[in-house]
Amino acid sequence: MASATDTAKADPPESSEEAPFGRRLIRFGGSRLGGLILALNLVSLLILLGGALALNEWRTGLVEARQESLTVQAELLSNVLGQLGITEGEPEPALDPIQASRWLRDNFIPTGQRARLYDIDGLLVSDSFAVSDTIPGEPLPPARPAGSPVVETADPVKVQADLQRAYAALGAEIEAALAGDPQATVRRSENGDRVVSVSLPVRHVQRVLGVLTLEAGDVDQILDAQRRALVPFALVALAVNLLASLLLHLFVARPVMRLSAAADQVRLQRARAISLPDLEDRRDEIGDLARSLESMTETLSARMDAIERFAADVSHEIKNPLTSIRSALETLDLVKDKSQRDRLTALLQQDVRRLDRLITDISNASRLDAELSRDRPRPVDVGVLLTDIVSVYETTGKPGEAPVRLDLQLDAPARVMGRDGPLGQVFRNLIDNARSFSPTEQTVRVVVRRDDADPLRPLLIRVEDDGPGIPPENLETVFERFYTSRPRGTEFGSNSGLGLSIVRQIVEAHGGQVAASNRLDDAGQVRGARFQVALPTVGRRA
């Protein structure tokens with residue numbers, strides 16, 4: 001047909017970079033797209049989680065390092081305060097508040113830290129902020145113009161409550177240190193800032209004289225720096241997610257939409273095939289889907305063409321007996337001679353039988369595709385199947401019909417994955433065809449053996465006869481629909497020409513091949529016809 005296959009085109013190719021990128025994708029569970037999606041999501045999550053874990057560890061490490069540093073400083077200062085004469089009283093020593101305050105002022109140098117000294121009663125003796133020239137806190141905001149609205153200040157009740165909680169936490173820390181237990185905590189200061197605090201008892205020999213508390217108020221700054229450091233990780237993770245979404249859209253969503261549009265175009269424009277070359281070149285599931293859809297539509301197109309040709313052949317074959325019947329009926333009333341009327345009646349009966357045979361074979365051929373797709377393939381023992389078929393011929397054979405003989409040349413069962421019904425029809429058609437050409441005194445031979453010349457189809461079944469053979473130019477056309485070449489004397493209309501066509505259709509549906517040839521003697525003369533079926537096997541070697 002001139003318009004057998006119309007090609008449905010969708011959008012033009014977008015980019016040649018899709019195929020190379022698809023080839024570089026890593027497979028996951030046999031899927032390249034699955035590997036891409038998994039890899040991108042894992043990278044995104046690992047970046048975010050890794051950054052969060054790294055910052056948490058860093059924060060913990062910084063706080064611990066700050067506590068260790070303050071502990072070393074506090075131990076040094078408390079030892080000096082307890083041993084270098086900044087004490088008074090004999091025989092019970094006590095801190096000299098004036099000397100201790102001066103010594104802390106002269107030796108406690110670090111900026112951003114605060115040192116406080118308490119006596120044995122927990123009373124504040126010295127505060128580095130009080131004796132320092134620096135003023136703690138933040139600078140005052142600039143002056144507001146006159147008439148500016150009043151800025152709301154913090155709730156004094158809440159401020160007082162926070163201050164009480166801060167003093168209570170500090171008091172508990174001092175009390176525990178006076179009992180001789182060094183303290184290292186993270187708490188809120190009087191200003192509401194988070195501070196790392198270390199409190200150590202000041203000892204003279206074994207006697208506790210007081211408590212030295214060192215505080216570092218840069219914890220909030222450390223945490224703010226950590227949060228700022230987390231921002232790049234979050235932005236990178238967001239960018240990876242956006243990139244993943246874009247890639248999924250470009251490489252999955254859009255191609256599927258194009259395939260859907262192409263399928264709609266086939267449906268709406270009555271085209272016969274889908275063709276998207278840029279998608280078919282991809283080496284992932286989208287490419288597999290595009291190739292499968294194109295193959296499916298081409299197969300459907302070929303099947304539609306075959307149906308059209310079959311319908312045309314059927315119409316032609318049915319018209320012949322109908323035309324003969326009409327002519328015989330028109331002539332029957334004009335013929336007065338009884339013998340001629342009997343001849344016309346016999347011709348009518350012959351055409352009716354031919355028409356009945358045609359309709360039966362056409363019905364069988366039309367149902368063949370449905371039967372092959374409906375039955376589930378299963379292992380079929382070809383030797384057992386042929387033994388049963390040949391035994392039926394032996395039991396029901398009539399005088400004047402060529403006998404059938406089976407020759408099994410197998411050392412093990414020969415199993416074929418298929419359907420026993422259609423396979424049985426193949427062998428019955430071949431045997432019936434051979435018997436119709438064989439002389440009555442000759443035997444139709446069915447030979448089953450294994451041949452490793454074709455490893456894909458090692459099982460060979462040959463049906464041989466001793467008839468006139470097949471013209472060399474017709475060795476292939478004998479498998480075409482409605483082809484028949486009968487020897488002289490054969491009853492006209494007894495064969496529809498569909499038997500060998502059905503054989504080829506069933507054999508190819510089972511992954512096999514069928515071929516026709518002539519048997520020759522030593523002088524090169526034709527001794528009969530041979531039909532050979534090659535089938536793939538399953539299980540043990542035949």
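A salt bridge is absent between Glu464 and Arg527: the closest approach of a Lys/Arg side-chain nitrogen to an acidic carboxylate oxygen does not fall below 4.0 angstrom. Electrostatic pairing of Asp407 and Arg449 does not count as a salt bridge here, judged by no charged N lying under 4.0 Å from a carboxylate O.
Phe251 is listed as a side-chain neighbour of Arg282, based on a closest heavy-atom distance under 4.5 Å. At least one side-chain heavy atom of Pro377 sits less than 4.5 Å from a side-chain heavy atom of Arg419. The shortest side-chain heavy-atom distance between Gln425 and Asn429 falls under the 4.5 Å cut-off. Under the 4.5 Å side-chain criterion, counting only non-hydrogen atoms from C-beta, Thr443 is in contact with Pro403.
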**Request:** Evaluate side chain to side chain contact (heavy atoms under 4.5 Å, CB included) for Val446 paired with Leu430, printing each intermediate quantity in order.
**Result:** CA-CA 10 Å; Val446 181; Leu430 291 177; over 6 Å; no

**Request:** Apply side chain to side chain contact (heavy atoms under 4.5 Å, CB included) to Val526 and Leu520, showing your working.
**Result:** CA-CA 5 Å; Val526 176; Leu520 305 178; 3.8 Å; yes

**Message:** Run Val390 and Phe427 through side chain to side chain contact (heavy atoms under 4.5 Å, CB included) and show every step you take.
**Reply:** CA-CA 10 Å; Val390 172; Phe427 302 132; over 6 Å; no

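In this structure, the separation between CZ on Arg428 and CG on Asn433 is 14.5 Å, given to the nearest 0.5 Å. Residue Leu535 holds its CG atom at 11.0 Å from CG of Asp454, rounded to the nearest 0.5 Å. Annotation: the span from Ile506 atom CD1 to His510 atom NE2 amounts to 7.5 Å, rounded to 0.5 Å. Taking CG from Leu347 and CD1 from Ile325, the interatomic distance works out to 8.5 Å, rounded to the nearest 0.5 Å. Here Phe531 contributes atom CZ and Leu475 contributes atom CG; the two are 8.5 Å apart, rounded to the nearest 0.5 Å. Here the straight-line distance linking atom CD1 of Ile470 with atom CZ of Phe437 works out to 7.5 Å at 0.5 Å rounding.
The main-chain N or O of Asp466 is never found under 3.5 Å from a side-chain atom of Arg519 such that the two would form a donor-acceptor pair. Panel note: side chain Asp284, backbone Gly287; a donor-acceptor pair is recorded below 3.5 Å. Using a distance-only test at 3.5 Å, with no hydrogens or angles considered, a donor-acceptor pair links the side chain of Asp521 to the main chain of Gly524. Not one N or O on the side chain of Asn474 forms a donor-acceptor pair closer than 3.5 Å with the backbone of Val478. Side-chain atoms of Thr299 come within 3.5 Å of backbone atoms of Ser295 as a donor-acceptor pair (strictly under, hydrogens ignored). Using modelled atom types, no side-chain atom of Gln442 and backbone atom of Pro439 make a donor-acceptor pair closer than 3.5 Å. Judged purely by atom type and a 3.5 angstrom limit, Asp465 has no side-chain atom pairing as donor or acceptor with the backbone of Gly528. Under a 3.5 Å cut-off, the side chain of Arg450 and the backbone N or O of Pro458 do not form any donor-acceptor pair.
The shortest heavy-atom contact between Val380 and Gly418 is CG2-O, 3.8 Å. What you find for Pro379 and Met417 is that their closest heavy atoms are N-SD, 3.7 Å. Taking both residues in full, the closest heavy atoms of Arg457 and Gly511 are given as NE-O, 3.0 Å, listed atom of the first, atom of the second, then distance. Leu250 and Pro255 get closest at one heavy-atom pair: O-CD, 3.1 Å. Across all their heavy atoms, Ala434 and Val463 have their closest contact at CB-CG1, 3.9 Å. Closest of all the heavy-atom pairs between Ala402 and Val444 is CB-CG2, 4.3 Å.
With sequence neighbours excluded, no residue forms a salt bridge (charged side-chain N to carboxylate O under 4.0 Å, His left out) with Glu68. Every residue meeting the side-chain contact (heavy atoms from CB on, under 4.5 Å) condition with Val186, not counting sequence neighbours, appears here in chain and number order: Val63, Gln67, Arg194, Val196. Residues passing the side-chain contact (heavy atoms from CB on, under 4.5 Å) test with Leu289, sequence neighbours excluded: Leu259, Leu293. With sequence neighbours left out, the salt bridge (charged side-chain N to carboxylate O under 4.0 Å, His left out) criterion links Asp381 to no other residue. Remark: Asp288 engages Arg291 in a salt bridge (charged side-chain N to carboxylate O under 4.0 Å, His left out) (not counting sequence neighbours). Residues that satisfy the side-chain contact (heavy atoms from CB on, under 4.5 Å) test with Asp337, not counting sequence neighbours, are Ser339, Gln340.
Side-chain contact of Asp342 with Thr345: a donor-acceptor pair under 3.5 Å is absent, judged by distance alone.
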